[in-house]
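Here's the structure, in structure tokens; my notes come after.
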Amino acid sequence: VSFKKFRDLFFKNLNKLSYEHKDGFFGYMISRYFILQNKGGRQDILKEVFKLYDMKLKLGLHSELKAIRYPSTAFRDYVVVGLKLKKYKWVKDFIEKYSPLLTTEIRDEEMKMAYTRLYLFKKEYDNALQCLNELKTTNYIYLLDASRIKLRIFYEKSYFEEAFLEIDRIKHYIKNNTKKVALLVRKYSKEFIDVYNELLKLRLNPDKEGIDYLFNNIQKATTLVAKEWFIEKIKEMKYQTIT
């Protein structure tokens, strides 16, 4: 059965299924969409994931939020998808309503990271930094997430010295934790740092050829985290060099 036929059949018979079957089938469809998203990064796929998330919650299917899933939780996924689609109010409501379902041992770090992301997207940088300063975690995914967010904020606020110190700190962290940090995570973290470092250098010493070269590389990148943000910053730089 094709995925489309499965999806149509599932929704047609939704009211006849048990809680466990609904939960399992929603999980299957979301996983399939994420596989497609990782291959092509299409925005319309994220919209489909968001629809499923929203529908799940309205049906009371939120058992996955109670589970500890190391290193990345379902709670993080809901927040990230909502923010990428600029559903800021939905994300805020989600954090407030569903964070109490999280187990106490991870609740604080999940909430701190969720609000940090929300403040970042809303450009409330001081609030985001305050959340990061209060974050206490040994989870390598969240440590690296937090570092990328810090670097973006340092760039926006022209905290260049802090940015270079953070680049150095996170490079050492990755180098010293190769057994702990998954290879895929190390790869996309290094890619982000390398591109960010080039962006920062160009910000301090603008060079039209260098800007064009980096812009082309960013556009061709398929695994670059925060690619949209990098493109936005390069475009700003291109405009400033013209004017």
side-chain hydrogen bond (donor to acceptor under 3.5 Å, both in side chains) assessment of Arg76 paired with Ser72
CA-CA 7 Å; Arg76 175 183 182 268; Ser72 175; 3.3 Å; yes
Apply side chain to side chain contact (heavy atoms under 4.5 Å, CB included) to Asp126 and Lys157, showing your working.
CA-CA 10 Å; Asp126 290 335; Lys157 293 180 72 69; 3.3 Å; yes
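For the atom pair Thr137 OG1 and Ile106 CD1, the distance stands at 10.0 Å (nearest 0.5 Å). Taken from CG in Leu199 to CZ in Arg152, the straight-line distance is 11.5 Å, to the nearest 0.5 Å. Taking CE of Met111 as the start and CG of Leu102 as the end, the distance is 8.5 Å to the nearest 0.5 Å. In this structure, the separation between CD1 on Ile193 and CD1 on Ile170 is 6.0 Å, given to the nearest 0.5 Å. Atoms CZ and CG, on Phe230 and Leu214 in that order, are 8.0 Å from each other to the nearest 0.5 Å. The OG1 atom of Thr223 sits 10.5 Å away from the OH atom of Tyr188 when rounded to the nearest 0.5 Å.
Checking Gln130 against Tyr119 by side-chain atom types alone, no donor-acceptor pair falls below 3.5 Å. For the residue pair Arg169 / Tyr173, no side-chain donor-acceptor distance below 3.5 Å is found, with atom types taken as modelled.
Within the 4.5 Å cutoff, no side-chain heavy atoms of Ile45 are placed close to those of Phe34. You'll find the side chain of Leu85 reaches within 4.5 Å of the side chain of Lys47, heavy atoms only. You'll find the side chain of Tyr142 reaches within 4.5 Å of the side chain of Thr73, heavy atoms only. Ile234 has its side chain within reach of Ile218: a pair of non-hydrogen atoms, C-beta onward, lies under 4.5 Å apart. The closest side-chain heavy-atom distance from Leu144 to Phe192 is not below 4.5 Å.
A salt bridge between Lys235 and Glu232 is absent, with no side-chain N of the basic residue lying under 4.0 Å from a carboxylate O of the acidic one. Using a cutoff of 4.0 Å between basic side-chain nitrogens and carboxylate oxygens, Asp145 and Arg117 are scored as salt-bridged. Comment: Glu48 engages Lys51 in a salt bridge, judged by a side-chain N to carboxylate O separation of less than 4.0 angstrom. The existence of a salt bridge linking Lys150 and Glu162 is excluded, since no basic side-chain nitrogen approaches an acidic carboxylate oxygen closer than 4.0 Å. Ion pairing between a basic and an acidic side chain is recognised when a charged N comes within 4.0 Å of a carboxylate O; Asp212 and Lys208 show such pairing.
Across all their heavy atoms, Phe75 and Glu110 have their closest contact at CD2-OE1, 3.7 Å. Across every non-hydrogen atom of Lys56 and Ile30, the tightest pair is CD-CD1, 3.8 Å. Looking at every heavy atom in both residues, Glu166 comes nearest to Ser147 through OE2-OG, 2.7 Å. What you find for Ala128 and Leu120 is that their closest heavy atoms are CB-N, 4.2 Å. The two atoms that bring Leu202 and Met237 nearest to each other are CB-SD, 3.6 Å, heavy atoms only. Across all their heavy atoms, Leu52 and Met29 have their closest contact at CD1-CB, 3.9 Å.
Linking Ile, Leu, Val, Met, Phe, Trp and Tyr whenever their side-chain heavy atoms come within less than 4.5 Å puts Leu184 and Tyr140 in one cluster. Under a hydrophobic-cluster definition in which Ile, Leu, Val, Met, Phe, Trp and Tyr are linked whenever side-chain heavy atoms come within less than 4.5 Å, directly or via other members, Ile153 and Val80 are assigned to different clusters.
Sparse packing is recorded around OH of Tyr213, with 12 or fewer heavy atoms of other residues, nucleotides or ligands lying under 6.0 Å away. Around NZ of Lys92, the count of heavy atoms belonging to other residues, nucleotides or ligands within 6.0 Å does not exceed 12. Counting non-hydrogen atoms of neighbouring residues, nucleotides and ligands closer than 6.0 angstrom, the NZ atom of Lys187 reaches no more than 12 such neighbours.
Between Tyr33 and Phe3, the two ring planes are perpendicular [angle over 60°; tilted spans 30° to 60°]. Ring pair Phe94/Tyr78 is parallel by interplanar angle, where below 30° counts as parallel and above 60° as perpendicular.
Aromatic ring centres of Phe154 and Phe164 lie farther apart than the 6.0 Å criterion allows.
Seen from the ring of Tyr155, Arg203 counts as a face-on cation partner, given the 6.0 Å and 45° thresholds.
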